[in-house]
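What follows is a set of notes on a single structure, which appears directly below.
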Amino acid sequence: MADHNEAIRAQFRIQAATFDDTGFAVAGLDWIVTGLEPSPTDMVLDVAAGAAHVGRALAPHVAHVSALDLTPEMLHQGQRLAVGAGLRNIAFLTGDAVALPWLDGQFDLTVCRLALHQVADPGAVVREMVRVTRPGGRIGVIDLTAVDDPAAAAEADRIERLRDPSHATTLTAQQIHDLLGRSGAEVTSVTAHDQPVEVEDWMERTRTEPVVRDVIRARFDEELRGGRPSGLRPFRDDTDALWLTHTWTMTVGRKTSDGSPA
Amino acid sequence: MAVQLDPQLLDILACPSDDHAALRPGTPDNPDADVLTCTSCGRQYPVTDGIPVLLLDEATEPTSGPTSGPDSHAADE
């Protein structure tokens, strides 16, 4: 397995138990389900699903969900939560988002939440998502997106990697739009959403080393004192707790009739 | 134990290798094995705790698969 995939597995083995049905793990789900406009006849694929939070949120609204992830511990967590919720129309599979184990053109709706920033080749993920979607079917990509200022975007990636060494690169909304177009999907909607993230919880989930946590706190404080932008828009709330702000962008495309670039 | 997957889901699964050929439950020698076998390259994918593991790196390469001749892509990576 590629080294980067191994880094992702190692990271999410650590995080699996924190992906329950509360807090950050369910953030934005209502917004996502509404934006994806699920239909009762939809056959859905959740790619790099983790514990399949999106897949499980969609399951009551669609015919069936297949959830694929690289990390077995995350799938077991998702399976446990699905059984607990009485969901019977969801299947879990171990696999790599850049080599999807399905025939071409099978799904009505193929989704991926919060994974492109984690993988070495996001273009390959999007190409595979479009390949397994039927002509006319929808592809939904939900991910962190970078600020337009390249220096601030690079700084945000640096901080994200300090916290989670398996973080790859946060794309801009335009880059995700272009990946869909090049892969044979015409973008039909783009919506953005500010997602505040409590910094201490964010670092705790990845068990970031204490000395690194100090570096990250200091970097955000530098920006709050008027220093260079970190690209992560930190702020302190009424209780003086430190937060950052992720921009999540949901990009939905429709596969062209012949899968040619849109 | 035989592979227990919804037949409709099994019908749309494919080998993760580039030609994405269909998979069949079991092995040529043992149709009840907890394994999915590629109908083209013969790679065998384990099913662990009911979850198919469809990773090229964790597949068993065929010793004498259906297409183990010179045209086989079993050694592709």
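Each chain gets a letter, A, B and so on, in the order the sequences are listed, and its residues count up from 1. Values in this document were obtained by computation on a predicted structure and should not be read as measured data.
- When heavy atoms are compared at a cutoff of 4.5 Å, B/Asp11 approaches chain A solely by way of its backbone atoms N, CA, C and O.
- Note on residues 65-77 of chain A: pairs passing salt bridge (Lys or Arg N to Asp or Glu O under 4.0 Å), not counting sequence neighbours, are A/Arg13-A/Glu73.
- Surrounding CG of A/Asp30 are at most 12 heavy atoms belonging to other residues, nucleotides or ligands under 6.0 Å away.
- Qualifying side-chain hydrogen bond (donor to acceptor under 3.5 Å, both in side chains) partners for A/Glu160, counting only residues two or more places apart in sequence or in other chains: A/His246.
- The greatest number of non-hydrogen atom pairs below 4.5 Å with chain A, out of B/Ala22, B/Pro16, B/Gly50, is found for B/Pro16.
- The contact between A/Leu93 and chain B is made by backbone and side chain atoms together, counting heavy-atom distances below 4.5 Å.
- In this structure, A/Trp248 and A/Trp31 have tilted ring planes: the angle between them lies in the 30° to 60° band.
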